[in-house]
Amino acid sequence: MDTTTQQTTAPPAPAPTTPESKRAARGATRPGDRIFLGLSRGSGIFVLVLMAAIAAFLTYRASIAISKDEANFFTSFEWNPSGLPPEFGIAVLAFGTIVSSVIAMVIAVPVSVGIALFITHYAPRRLGGLIGYVIDLLAAVPSIVYGLWGALFLVPHLQGLYGWLDDYLGWTGIFEWNDGAPRSLFTVGILLAIMILPIITNVSREVFRQVPRMHEEAALALGATRWEVIRMSVLPFGRSGVISASMLGLGRALGETMAVAMVLSSSFDINLSLLDTGGGTFAQNIASKFNEATEMGRDALIASGLVLFVITLLVNGAARLIIARRKEYSGANA
């Protein structure tokens with residue numbers, strides 16, 4: 001009995017030391033590993049410090065402006081920070097930024113996903129490579145070029161579309177057109193959709209290429225059509241990736257400056273119709289008024305930039321929550 005107890009309670013024998021384990025132990029403490037660990041950790045900390053510094057700067061300058069504002073900062077339609085007393089608000093800017101970005105997303109996301117699916121699952125290899133190359137070129141076009149194209153080509157050629165929308169959907173009030181110049185939030189949304197289309201397409205294309213081949217082959221073996229394979233295998237696997245791609249595109253749409261400034265006829269007014277001339281966005285307002293602004297005016301612009309900063313953080317946070325909740329359905333763990 002005692003012998004059995006001693007045998008069962010005896011400590012396990014130490015594992016034999018091999019040359020491989022010795023090399024692994026030495027590799028964990030090599031100078032190169034320690035340097036790489038320090039650089040990686042420092043880079044992560046630097047990003048957090050940089051974000052905190054930006055937030056602190058924006059909050060400090062915004063608090064100075066808001067403390068002197070005689071109007072309601074969130075609901076006022078005025079923008080006169082240099083007046084006596086100063087009065088300014090972000091209602092028009094918030095409305096224009098959100099509406100134009102939503103229009104861009106409604107147009108760009110389905111088209112981008114369709115292009116990505118065509119390149120990866122329908123087009124021949126050479127044709128798919130050519131289309132992918134063209135999409136990459138669109139992503140490299142500067143914003144000022146998009147703005148010039150939008151002002152000189154897109155705006156004059158949208159009158160026919162505006163007239164058609166007014167004839168068939170004008171009764172809704174949202175698409176009522178008064179024959180003005182097509183320099184409205186709807187035009188901005190179309191231009192932003194073209195600008196963010198390459199971002200969403202490229203990311204979605206790479207995600208769809210990662211779908212396990214055996215998933216598609218299994219669906220085809222069960223008699224599924226090409227569309228059923230995409231619907232049951234490809235789209236569920238790439239859902240989280242498409243959401244991430246859409247959020248990247250939305251981030252650019254929210255912060256686009258020069259293209260919007262060249263196309264939009266800005267005014268501090270909120271119109272029910274998306275086709276009416278006027279409106280404004282945060283980035284466009286900052287770009288157009290920063291050079292001529294006084295010190296108080298710059299603080300007011302920084303305050304509006306803080307709101308855009310918060311909106312961007314909320315959008316990215318919401319995207320992370322959506323991806324985390326749908327991870328088990330995305331196929332990412334397959």
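Note that these values count all heavy atoms, side chains included, but never hydrogens, waters or copies made by symmetry.
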Between [X] and [Y], what is the shortest heavy-atom contact and its length?
| X | Y | value |
| --- | --- | --- |
| Ile119 | Arg209 | CG2-NH2, 4.2 Å |
| Ala151 | Pro156 | O-CD, 3.8 Å |
| Arg231 | Pro236 | O-CD, 3.2 Å |
| Pro86 | Pro81 | CB-O, 3.2 Å |
| Leu138 | Tyr146 | O-OH, 2.7 Å |
| Val207 | Gly238 | CG1-CA, 3.4 Å |

Exercise. Establish, from distance only, whether the side-chain atoms of Thr294 and Ser82 form a donor-acceptor pair under 3.5 Å.
Key: yes

With the side chain counted from C-beta on, respond yes when [X] and [Y] share a heavy-atom pair under 4.5 Å apart, and no when they do not.
| X | Y | answer |
| --- | --- | --- |
| Ile190 | Leu158 | yes |
| Ile302 | Tyr60 | no |
| Met262 | Ile144 | yes |
| Leu154 | Val263 | no |
| Ile174 | Leu169 | no |
| Ser184 | Thr187 | yes |
| Phe88 | Met296 | yes |
| Trp177 | Leu165 | no |

Atom pair [atom1]/[atom2] of [X] and [Y] - distance to nearest 0.5 Å:
| X | Y | atom1 | atom2 | result |
| --- | --- | --- | --- | --- |
| Leu248 | Ile199 | CG | CD1 | 7.0 Å |
| Asn271 | Leu185 | CG | CG | 8.0 Å |
| Ile230 | Leu117 | CD1 | CG | 5.0 Å |
| Arg205 | Thr120 | CZ | OG1 | 9.5 Å |
| His157 | Leu152 | NE2 | CG | 11.0 Å |
| Glu176 | Tyr162 | CD | OH | 13.5 Å |

Self-check item: Evaluation steps, side-chain contact (heavy atoms from CB on, under 4.5 Å), between Asp166 and Phe175
Solution: CA-CA 6 Å; Asp166 181 53; Phe175 295 103; over 6 Å; no

Quiz item: Is the shortest side-chain N to carboxylate O distance from Arg213 to Glu216 below 4.0 Å?
Solution: yes

Quiz item: Given Trp149 and Val141, is the side-chain contact (heavy atoms from CB on, under 4.5 Å) satisfied, shown in steps?
Solution: CA-CA 11 Å; Trp149 177 81; Val141 175; over 6 Å; no

Practice problem: Evaluate the side-chain contact (heavy atoms from CB on, under 4.5 Å) criterion for residues Val229 and Leu220: first the C-alpha distance (whole Å), next the side-chain angles of each, then the deciding distance (0.1 Å), finally the verdict. | Solution: CA-CA 7 Å; Val229 171; Leu220 291 172; 3.6 Å; yes

Exercise. Treating Ile, Leu, Val, Met, Phe, Trp and Tyr as nodes and any side-chain heavy-atom pair under 4.5 angstrom as an edge, say whether Leu137 and Ile131 lie in one connected cluster.
Key: no

Quiz item: Going hydrophobic residue to hydrophobic residue with side-chain gaps under 4.5 angstrom, can you get from Leu306 over to Leu308?
Solution: no

Quiz item: Under 6.0 Å from the CD atom of Glu295, do we count more than 12 heavy atoms belonging to anything else shown?
Solution: no

Please confirm whether the backbone N or O of [Y] pairs with a side-chain atom of [X], one donor and one acceptor, at under 3.5 Å?
| X | Y | value |
| --- | --- | --- |
| Thr277 | Ala181 | yes |
| Ser67 | Ile64 | yes |
| Ser204 | Val113 | no |
| Ser304 | Leu301 | yes |
| Ser288 | Asn285 | yes |

Quiz item: With under 30° as parallel and over 60° as perpendicular, where do the rings of Trp79 and Phe268 fit, or are they tilted in between?
Solution: parallel

Quiz item: Going by the angle between their ring planes, with limits at 30° and 60°, are Tyr168 and Trp164 parallel, tilted or perpendicular?
Solution: tilted

Self-check item: side-chain contact (heavy atoms from CB on, under 4.5 Å) evaluation trace for Val99 with Phe186
Solution: CA-CA 8 Å; Val99 169; Phe186 188 76; over 6 Å; no

Self-check item: Selection residues 55-80 - residue pairs positive for salt bridge (charged side-chain N to carboxylate O under 4.0 Å, His left out), sequence neighbours left out
Solution: Arg61-Asp299

